[in-house]
There are 2 protein chains.
Amino acid sequence: MAKLAYRSYSRYSREAVALLGLMIRNARIERDMTVADVAERAGTSRGLVHRIEKGEMGSSIGAAFEVAAIVGLRLFEAEPATLTRHLSMERDKLALLPQSVRTGTTKVKDDF
Amino acid sequence: MAKLAYRSYSRYSREAVALLGLMIRNARIERDMTVADVAERAGTSRGLVHRIEKGEMGSSIGAAFEVAAIVGLRLFEAEPATLTRHLSMERDKLALLPQSVRTGTTKVKDDF
DNA sequence: CAACCATGACCTAATTATAGGTCATTAGAG
DNA sequence: CTCTAATGACCTATAATTAGGTCATGGTTG
């Protein structure tokens with residue numbers, strides 16, 4: 001049975017996930033960790049770590065980010081402390097934005 | 001039946017995923033897009049987009065990155081073109097690294 | 001060169017995410 | 001204030017990922 005292509009992704013998304021996987025692999029090897037090491041520390045299986053490094057789109061984002069953290073990758077910030085700051089910054093930003101979006105407005109804009 | 005906590009994640013991973021969700025939501029609202037709009041363009045469901053924005057760890061990384069791209073978020077680079085460059089850079093870097101990691105070495109280093 | 005071991009691929013069972021529907025709530029526009 | 005619609009939550013069937021095992025391959029060390 002041939003494996004089906006379940007969903008279509010944009011090139012950008014595919015490359016971003018692939019890049020994350022490669023960065024994870026590079027970081028892991030630089031730290032002299034085996035796939036099994038990382039899997040154990042992440043509480044996942046060896047196969048999953050392998051698929052994450054390969055850049056498969058179906059892996060859960062939680063597992064991928066956890067593995068990234070374990071090999072020392074900091075996705076948004078160099079310092080974990082600043083991540084919390086960014087979180088509240090985004091929350092504050094959200095508070096200033098409308099809490100729901102009216103399509104009516106958009107529709108008029110796209111209507112020509 | 002109470003919902004079980006399936007897996008444990010580090011604080012950093014949880015905050016990183018939550019931050020990504022908030023950034024997506026902010027970007028979406030700034031672009032006057034509804035959750036339904038984004039879901040349709042991503043080829044997913046409204047509920048999934050909602051869970052991604054909420055920062056749930058179980059969402060697939062492909063869906064999350066696709067949604068991020070649709071609302072205009074660029075995770076690694078401002079320019080999509082440079083993403084491809086980074087991809088080959090990481091591949092080159094990988095070529096210089098050992099292709100398998102010996103645990104024996106690590107064990108000695110950690111052994112004191 | 002020879003032995004060891006990390007890796008990558010595959011398989012099956014079990015668990016989980018997802019789609020798509022409905023419904024209550026609430027924010028925004030008139 | 002009132003009406004409309006976006007949002008968030010929940011539900012069920014389906015489809016997917018995941019864990020955990022095994023196996024072949026190839027890199028690394030002695």
Side-chain angles (χ1 to χ4, degrees), chain A residues 1-9 17 21-22 24-26 28-64 66-67 71 94-108, chain B residues 1-9 17 21-22 24-26 28-64 66-67 71 94-108:
Chain A
M1 203 75 112
K3 206 190 263 186
L4 261 59
Y6 308 111
R7 213 194 301 262
S8 73
Y9 295 101
V17 174
L22 278 179
I24 287 175
R25 163 167 301 205
N26 284 340
R28 173 179 66 78
I29 295 178
E30 282 173 357
R31 297 199 164 207
D32 278 331
M33 303 171 86
T34 66
V35 172
D37 288 338
V38 174
E40 187 185 350
R41 289 189 50 185
T44 63
S45 64
R46 210 161 53 88
L48 178 56
V49 173
H50 179 60
R51 288 194 298 276
I52 289 172
E53 288 189 352
K54 232 177 55 173
E56 290 197 5
M57 305 298 276
S59 314
S60 76
I61 191 171
E66 185 76 21
V67 166
V71 299
L94 181 60
L96 300 178
L97 263 48
Q99 298 188 352
S100 74
V101 176
R102 298 260 107 179
T103 32
T105 314
T106 306
K107 214 165 125 210
V108 170
Chain B
M1 202 81 103
K3 206 190 264 186
L4 260 57
Y6 308 110
R7 213 194 301 260
S8 74
Y9 295 101
V17 174
L22 278 178
I24 288 175
R25 163 165 303 202
N26 285 340
R28 173 179 64 80
I29 296 179
E30 281 172 357
R31 298 200 164 204
D32 278 330
M33 303 171 86
T34 65
V35 172
D37 288 338
V38 175
E40 187 185 351
R41 289 190 49 186
T44 64
S45 64
R46 207 161 56 86
L48 178 56
V49 173
H50 180 60
R51 289 195 296 277
I52 289 172
E53 289 190 351
K54 233 178 54 174
E56 289 197 4
M57 305 297 277
S59 313
S60 76
I61 193 172
E66 185 74 21
V67 165
V71 300
L94 182 59
L96 300 178
L97 263 47
Q99 298 188 352
S100 73
V101 176
R102 299 259 106 179
T103 33
T105 313
T106 307
K107 218 165 119 205
V108 170

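A note on names: the letters A, B, ... follow the listed sequences, proteins ahead of strands, and every chain is numbered from 1.
- A search for side-chain contact (heavy atoms from CB on, under 4.5 Å) contacts involving A:T44 returns A:A39, A:A42, A:L48, A:V49, B:R7, not counting sequence neighbours.
- A:E30 meets the side-chain contact (heavy atoms from CB on, under 4.5 Å) test with B:K93, B:L97; sequence neighbours excluded.
- Between C:dG8 and A:H50, a contact under 4.0 Å exists linking OP1 or OP2 to a side-chain N or O.
- A:S60 has a side-chain polar atom (N or O) that falls below the 4.0 Å cut-off from OP1 or OP2 of D:dT18.
- A:S45 meets the side chain to side chain donor-acceptor pair (under 3.5 Å) test with no other residue; sequence neighbours excluded.
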Review item, nucleotides 20-23 of chain D N/O atoms under 3.5 Å of protein N/O:
residue: D:dT22; atom: O4; partner: A:R46; partner atom: NH2; Å: 3.2

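- A residue-by-residue look at A:Q99 and A:S59 shows that A:Q99 has its nearest nucleotide of DNA chain D further toward the 5' end.
- Summary of helix geometry: the two end axes of the helix from C:dC1-D:dG30 to C:dG30-D:dC1, each defined by five base pairs via their C1' atoms, are inclined to each other by 80° (rounded to 10°).
- Contact between B:V71 and B:I24 at its shortest, heavy atoms only, is CG2-O, 4.0 Å.
- Distances shorter than 4.0 Å separate none of the side-chain N or O atoms of A:K54 from OP1 or OP2 on C:dT7.
- The nearest heavy atom of DNA chain C to B:M57 and to A:S100 marks one nucleotide each, and the one closer to the 5' end goes with B:M57.
- For C:dA6, neither phosphate oxygen OP1 nor OP2 lies less than 4.0 angstrom from any side-chain nitrogen or oxygen of A:R25.
- Legend: residues meeting side-chain contact (heavy atoms from CB on, under 4.5 Å) with A:L94, ordered by chain and number and at least two apart, are B:L22, B:R25, B:N26, B:I29.
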